[in-house]
Structures are given as C-alpha cells and as structure tokens.
Protein chains: 2
Amino acid sequence: MVSIRDVAALAGVSNKTVSRVVNREPNVKPAMIKRVSAAIDQLGYIPNQAARLVRTNRSRIVGVVTDVVSTTPKSVELIHGIQDAIGKTEYSLLIANTGNDPATEAKIWRTYREQRIDGVLYVTMYHREVDFDPSTHGIATVLVNCFTDPARSVPATVPDDYQGQYDATCHAIACGHERIGYVTLNPLILAARLRGQGYRDAMEAHGLPIQSEWIVPGVAGPLDNDRLCAFDAAKRILSLSAAERPTLLLAGNDEIAMQCLFAAHALGLKVPADIAIIGFDDFRIISDQVVPRLTTVALPYYDIGARAAERLLAMISGAPVEYGIETVACPIVPGGTT
Amino acid sequence: MVSIRDVAALAGVSNKTVSRVVNREPNVKPAMIKRVSAAIDQLGYIPNQAARLVRTNRSRIVGVVTDVVSTTPKSVELIHGIQDAIGKTEYSLLIANTGNDPATEAKIWRTYREQRIDGVLYVTMYHREVDFDPSTHGIATVLVNCFTDPARSVPATVPDDYQGQYDATCHAIACGHERIGYVTLNPLILAARLRGQGYRDAMEAHGLPIQSEWIVPGVAGPLDNDRLCAFDAAKRILSLSAAERPTLLLAGNDEIAMQCLFAAHALGLKVPADIAIIGFDDFRIISDQVVPRLTTVALPYYDIGARAAERLLAMISGAPVEYGIETVACPIVPGGTT
DNA sequence: ACCTGATTTGACGACGTCGTCATTTTAATT
DNA sequence: AATTAAAATGACGACGTCGTCAAATCAGGT
C-alpha cells in the first residue's frame with residue numbers, strides 16, 4: 001500500500017508538505033500543490049484513515065444501533081433519512097442490529113468503542129421508552145423513535161402519535177362522520193396507547209360518543225410474535241346493521257387498514273360510500289397501492305431519522321444541543337377511502 | 001482515552017505483555033493474565049482498533065455499497081441476511097447508498113479505501129447486469145442481486161427468477177389451470193424478462209397456448225419513476241366473459257398481485273373460485289396479510305445476502321473462491337389464492 | 001549446585017499521519 | 001543592497017499497537 005512517504009519521495013518534498021496538500025492546508029504554493037497532486041495521482045495514493053485517527057482520535061464514523069429496525073420494511077425510511085443526513089458530511093455509517101439480545105448489544109457497543117465511533121444513533125422499531133444510560137457507553141448518542149428518563153438528558157426524537165390520531169379523528173369528523181370505530185394496534189405498544197388517547201380526546205372534544213363495541217384490537221399475541229387479526233375484527237364490526245355500525249373505521253396502521261378493506265369487500269360494502277377507512281403510517285407499499293388510495297396519517301420516519309442525525313452531528317461538533325425529547329408531527333395524507 | 005501504556009503502568013508490566021493478554025496470545029502465565037485483566041477492568045481500557053490497523057493493515061470492516069437497496073422495503077431481507085452472516089464474525093458492517101449517482105458512488109469507494117475496508121458487497125435493488133471492474137477499486141468484492149461480464153471473474157449471487165416463474169406456472173398447471181394470464185413487471189427490468197421466459201417455456205412444455213391479450217404490463221413508465229397500473233390492467237383482462245378470460249393470473253410481483261385482488265373484488269369475482277392468483281417475491285407485508293394469504297414465489301433475499309457475505313468472508317480470509325455467478329432457487333409458497 | 005532448553009517477559013522500533021517548531025524562501029519596505 | 005516580516009517548507013517526534021528479537025525466568029535432569 002502506497003504511503004505518504006512514497007508520494008513525498010516521488011515529488012521530492014517532505015512528508016509534511018504532502019500532508020498539507022492532502023488536507024488542503026493554507027500556505028502552500030500553487031505550483032507545489034500541482035507537483036504533489038501529480039505524484040498522488042501517479043501513485044494512486046489514498047490517505048490511511050486509521051493512521052489519521054491514531055493522531056486525531058476522531059474516526060469520522062457514526063454508528064447505528066437498532067433492535068431490528070434495519071431489518072423491518074417499515075423503518076427503512078428511518079435509515080434512509082439518517083443516511084441522507086450523514087451522507088452530506090464527511091462521516092460514514094456503521095450499522096448493527098441487536099435483535100433485542102442484550103449480549104449482542106453489548107458486543108456492538110464494545111466494537112463501536114474499539115472503532116472509536118464519534119457518535120451513535122440508537123434506533124428502536126417501536127416508539128417506546130428505553131432504559132438507556134449514556135454514561136455506560138461514553139459515546140455521544142441520540143435516541144430515535146424511543147426516549148429515556150428525561151433526568152438523564154439524552155436527546156431523543158420521536159413521532160407525535162397522539163397528535164396524528166387526534167388530527168385524523170378531527171378530519172373524520174370534519175368529513176361528517178359521527179360514528180367512528182377503531183381497529184387498534186397491539187395495546188401493549190406505546191404508539192397504540194398514544195394514538196388511542198388521541199382518538200378518545202378528539203371524540204370527546206367534539207361531544208361524540210364512543211361505543212365500546214366499535215373498538216377492537218386488530219393485532220393479537222405477544223409483542224415479539226403478534227399476528228394480524230384485523231380482517232376478522234373488522235368483519236365483526238361491519239356485520240352490524242347499517243344503523244348500528246360505524247360509518248368510518250380508524251385503523252391502527254396501514255396493514256390493518258388493508259385488512260379492513262378486504263373485510264369490507266368480503267361483506268360487499270363499498271369504500272368509502274358504505275364505510276370509510278383511515279390508516280396510519282402512510283406505509284407506501286400498502287397505502288399508495290391499495291385501490292382506492294388509502295387516506296392515512298404519515299409517520300415521518302425519514303424526517304425523524306434525518307433530524308436525529310443532524311442533532312447527533314451537532315453534538316459531535318460540540319455545538320450547544322437542546323437535550324430532551326423532540327416530537328415530529330404526523331400529518332394527514334388524504335386518499336380515496338374517505 | 002486510556003491506552004495500553006496506562007494499563008501496563010498500573011499492572012507494573014510492559015506494554016507488550018498487556019498486548020499479549022488482550023490478544024489472547026499463548027505463553028502468558030495465568031497469574032499474569034489475572035493481574036493484567038484486573039488493571040484493564042479497573043481502567044476500563046478498550047483497545048484502539050485504528051492503532052491496530054496501522055500495524056496490521058486490516059480494518060475488520062466490510063462495506064455494503066447499494067444503489068437504493070437499503071432504502072427500499074423489499075430488500076431489507078437482503079441486508080438482514082448480510083448482517084446476520086457478518087455479525088457472527090469479528091467484522092463490522094459499513095453501509096452506504098449511491099442513490100444511482102456515479103459521483104456519490106465514487107465518493108463511497110474513496111471513503112471505503114480510506115478506511116481500508118477489507119471487502120465490499122455490491123448490492124443492487126433490481127436483478128441486473130452491472131459494469132463492474134474490480135481492478136478500479138482494489139477491494140475484494142462480491143456482487144449481490146447483480147452480476148458482471150464473467151470474463152472479469154467477479155463472484156456474484158443472484159436469484160433464479162427463471163426457475164421461480166417456471167415452477168409457479170407448472171404449479172398452476174398442476175392445479176388444473178390451462179388458461180393462464182400474466183400481469184407483468186416493467187418489461188425493462190431483467191427479472192421481468194427472465195420470469196416471462198419461465199412462464200412461456202413452462203406453457204410450451206405443457207403444450208398450452210398463450211393468448212397475447214392475457215399478457216399485460218402491470219407497471220408503466222421509466223425505471224426510476226414507474227407506476228403500478230396493475231389494477232386497471234387486471235380489470236381489463238377480467239372483464240372478458242367467463243369463457244374468454246383466464247382462470248389464473250400470474251402477477252409479476254406481490255404488489256401487482258394485490259392490485260389483481262382488488263380488481264377481482266371490484267368486478268365481483270371470487271378468489272380463488274372465479275380467478276386464481278399467484279404473486280412473486282413473497283413480500284410478507286403484502287403476501288402474508290392479504291386475505292386470503294397469497295400464493296406466491298419466495299425471492300430468497302435473506303439467503304442471497306447471507307450466502308454472498310459468506311463468500312466475501314471466504315475471499316478475505318484467502319480461501320479458494322469459486323468465481324462466477326451463483327443462483328439461488330426461488331421456491332413456491334402456497335397460499336389461499338390458488 | 002549446575003547445565004540445558006523451554007517458557008515467559010521486556011525493550012525497541014515501525015506502521016502512516018499530523019502537530020510543533022525550526023529553517024528557508026519570498027515579498028515588501030527602506 | 002540591506003532589513004524585516006511574512007510565507008512556505010522541512011525535520012522530528014508522538015499517537016497506540018504489535019512484531020521482532022533479546023533477556024530473564026523456570027523446570028527438569030544431572
């Protein structure tokens with residue numbers, strides 16, 4: 001491997017001068033830059049990042065630690081947002097999954113510290129609280145799609161599930177619906193609780209009653225092995241007589257919404273004429289390709305990822321950081337199912 | 001940052017002895033290992049990978065270069081397979097997207113060479129031929145989901161699209177179908193051509209006729225900005241009289257299959273009684289959550305990624321490598337739509 | 001106690017780069 | 001031409017680690 005010394009020898013200058021040219025330091029004569037650059041090109045010299053690091057102690061690498069996020073289709077946008085933000089800079093991105101295994105996670109942190117990673121984005125698949133103590137790792141960290149005890153002052157960026165579902169419910173009401181059902185996510189996850197609260201608060205704010213038989217889980221089973229049952233759930237609700245059933249179904253996410261669509265079809269109901277549907281996530285693969293296009297609420301994963309990456313870069317560069325939990329709004333995406 | 005010297009000083013031994021303990025070299029007395037380990041724990045010493053690299057010139061990092069693959073939900077399994085294979089070893093994974101921009105790609109290779117990456121997995125979103133010359137990069141590389149001129153001897157791992165569609169067609173025939181239509185992928189992509197050929201060859205092998213009006217593209221537009229039109233396409237085919245229309249539709253992928261389902265519903269046709277459907281990809285988000293479960297063909301992205309990663313690791317370790325293009329079979333996944 | 005050979009430990013330098021400070025060259029001013 | 005300040009270049013060492021080889025220690029056999 002060709003080193004700075006080889007270049008210096010060929011150009012007939014000192015190592016340091018080559019170093020100056022490579023790092024675009026000031027006070028180098030144009031003629032010298034040209035001469036050294038020619039030698040660099042001729043030899044195909046590429047600086048050794050590791051040797052730099054030994055001197056500077058900065059790796060210019062940012063790590064991503066996820067549970068399973070980079071292996072689940074929904075959160076691809078999160079990674080994408082992170083990559084785009086990081087890609088604009090000089091930093092590279094190291095990615096690893098814990099698979100929710102503490103031993104694996106420990107190994108990852110260990111490796112990251114060996115690599116002298118400059119910062120970490122700690123990303124979870126579900127919006128949830130994590131028990132994260134930055135002092136055990138000693139690397140600048142931003143939590144993404146999760147958060148920890150505010151006392152620990154770890155920056156976190158999360159979606160505003162509550163607002164999203166609140167607004168979606170208001171949108172439904174604004175469209176003239178008063179009988180609004182809800183096929184929920186797995187009640188064990190935080191997003192389900194936040195969204196559910198948004199729905200209930202919006203209904204109450206408009207003085208509309210909530211029928212308990214209109215609220216049914218669309219997902220069953222334990223967190224790590226749950227199973228969609230929205231088709232059956234929706235079918236049950238929609239089998240009620242026209243006078244008794246809701247005129248609109250809110251779905252916990254777009255997969256659930258899709259199964260609601262199939263349930264409506266199975267019962268011969270027209271969407272949105274007989275039953276309107278609003279999803280959540282704007283998971284394009286589904287929301288954009290279902291017919292008709294799904295009305296849904298965007299989960300701005302791309303923005304969350306990008307925003308978190310920017311915060312991390314700011315932290316690394318020593319800029320003043322606002323600690324605390326930052327929420328990103330979830331806007332409504334109008335479609336053909338309302 | 002605490003260095004090997006600090007540990008040596010605390011333990012009252014030489015640097016080299018600490019190094020020996022850290023690297024588990026033989027011929028170190030158990031008592032010494034204990035003493036040094038205690039010092040390591042006390043100081044929280046973590047070896048500096050970069051300093052190692054300066055000596056050994058091996059980064060223990062593998063890079064992934066993709067066009068957009070890590071940002072598209074379908075290929076998450078590919079990344080997952082790679083991560084699992086790499087995660088079993090001492091290696092870490094660096095990931096970057098080119099976004100199909102040559103300048104970005106050049107920058108990524110540059111960065112990877114600066115980091116002295118040990119090997120690269122070059123992954124494309126679509127199964128296609130790429131113009132890849134390993135000598136310009138000088139890093140061990142395995143192509144994933146793509147391949148290049150065999151004369152260049154670059155190992156490649158790809159799915160067997162032809163076999164998958166051939167088998168799916170045979171499966172349809174074995175189920176008693178003789179009138180088989182095909183809503184295709186964008187004809188511009190290689191997978192569409194390979195799968196199309198599999199379909200035609202299987203039909204011919206069974207002496208079944210192919211009606212040209214049964215073959216319709218389900219995707220329209222240029223590669224980088226195409227648009228699903230499978231709903232309309234399928235509706236057109238299925239609007240033919242029961243005697244004229246096919247009894248089974250092959251779909252270019254699972255999204256197309258989903259739109260075929262919606263088209264059937266829109267026309268009041270029952271699936272699979274009136275019209276059977278077979279997808280492709282086994283893209284779980286759709287195939288597994290559509291009602292009824294989609295019969296489809298698995299695109300073994302996880303295996304492809306894992307297999308390619310194993311080949312790369314073998315190359316890096318200097319093991320004898322079979323160059324050339326390796327195909328991974330696409331097995332049928334039975335569902336309720338046939 | 002003494003020798004022999006194996007085992008264990010240490011001293012030193014090199015990897016490739018850049019920071020520090022000294023030295024040389026250039027330009028600007030008398 | 002002489003002086004001075006500024007600009008450009010170079011010599012040298014340090015970063016943290018490990019390879020090399022020399023030194024020290026140990027075990028076993030006389």
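Proteins get letters first, then strands, A, B, ... in listed order; numbering begins at 1 in each. Small disclaimer: the values here were computed from a predicted structure and weren't measured.
- If you check every strand for non-hydrogen atoms under 4.0 Å, A:Asn23 touches sugar and phosphate atoms only.
- Between B:Ser92 and A:Leu94 the shortest side-chain heavy-atom distance falls below 4.5 Å.
- Residue-level contact check: A:Val22 touches neither bases nor backbone, having no heavy atom under 4.0 Å from any strand.
- A sub-4.0 Å separation between OP1 or OP2 of D:dA11 and a side-chain N or O of A:Ser14 is absent.
- As a whole-Å value, the separation of A:Arg5 CZ from D:dA11 C1' is 13 Å.
- Along DNA chain C, the nucleotide nearest to A:Lys29 and the one nearest to B:Asn15 differ in position, and the one closer to the 5' end is contacted by B:Asn15.
- Using a 4.0 Å heavy-atom criterion, one finds that A:Lys16 contacts the bases of the nucleic acid, with or without backbone contacts as well.
- Between chain B and DNA chain C, the heavy-atom contact criterion of under 4.0 Å yields a 5' to 3' nucleotide range of C:dT8 to C:dC15.
- Across all strands, A:Arg55 comes closer than 4.0 Å to base atoms (heavy-atom distances).
- For A:Val28 and B:Val54, each mapped to the nucleotide of DNA chain D holding its nearest heavy atom, the one lying further toward the 5' end belongs to A:Val28.
- No side-chain donor-acceptor contact under 3.5 Å links B:Arg52 to the backbone of B:Pro47.
- Counting non-hydrogen atoms of neighbouring residues, nucleotides and ligands closer than 6.0 angstrom, the CZ atom of B:Arg152 exceeds 12 such neighbours.
- Remark: P of D:dT9 and CD of A:Glu25 are 12 Å apart, rounded to the nearest angstrom.
- Ring geometry, B:Trp109 versus B:Phe132: the interplanar angle falls from 30° to 60°, so the pair is classed tilted.
- Between the CG atom of B:Asn27 and the P atom of D:dA27 there is a distance of 14 Å, given to the nearest Å.
- Within the 4.5 Å cutoff, the side chain of B:Thr124 has no heavy atoms near those of the B:Val144 side chain.
- In this structure, the ring of A:His80 has its center no less than 6.0 angstrom from the ring center of A:Tyr301.
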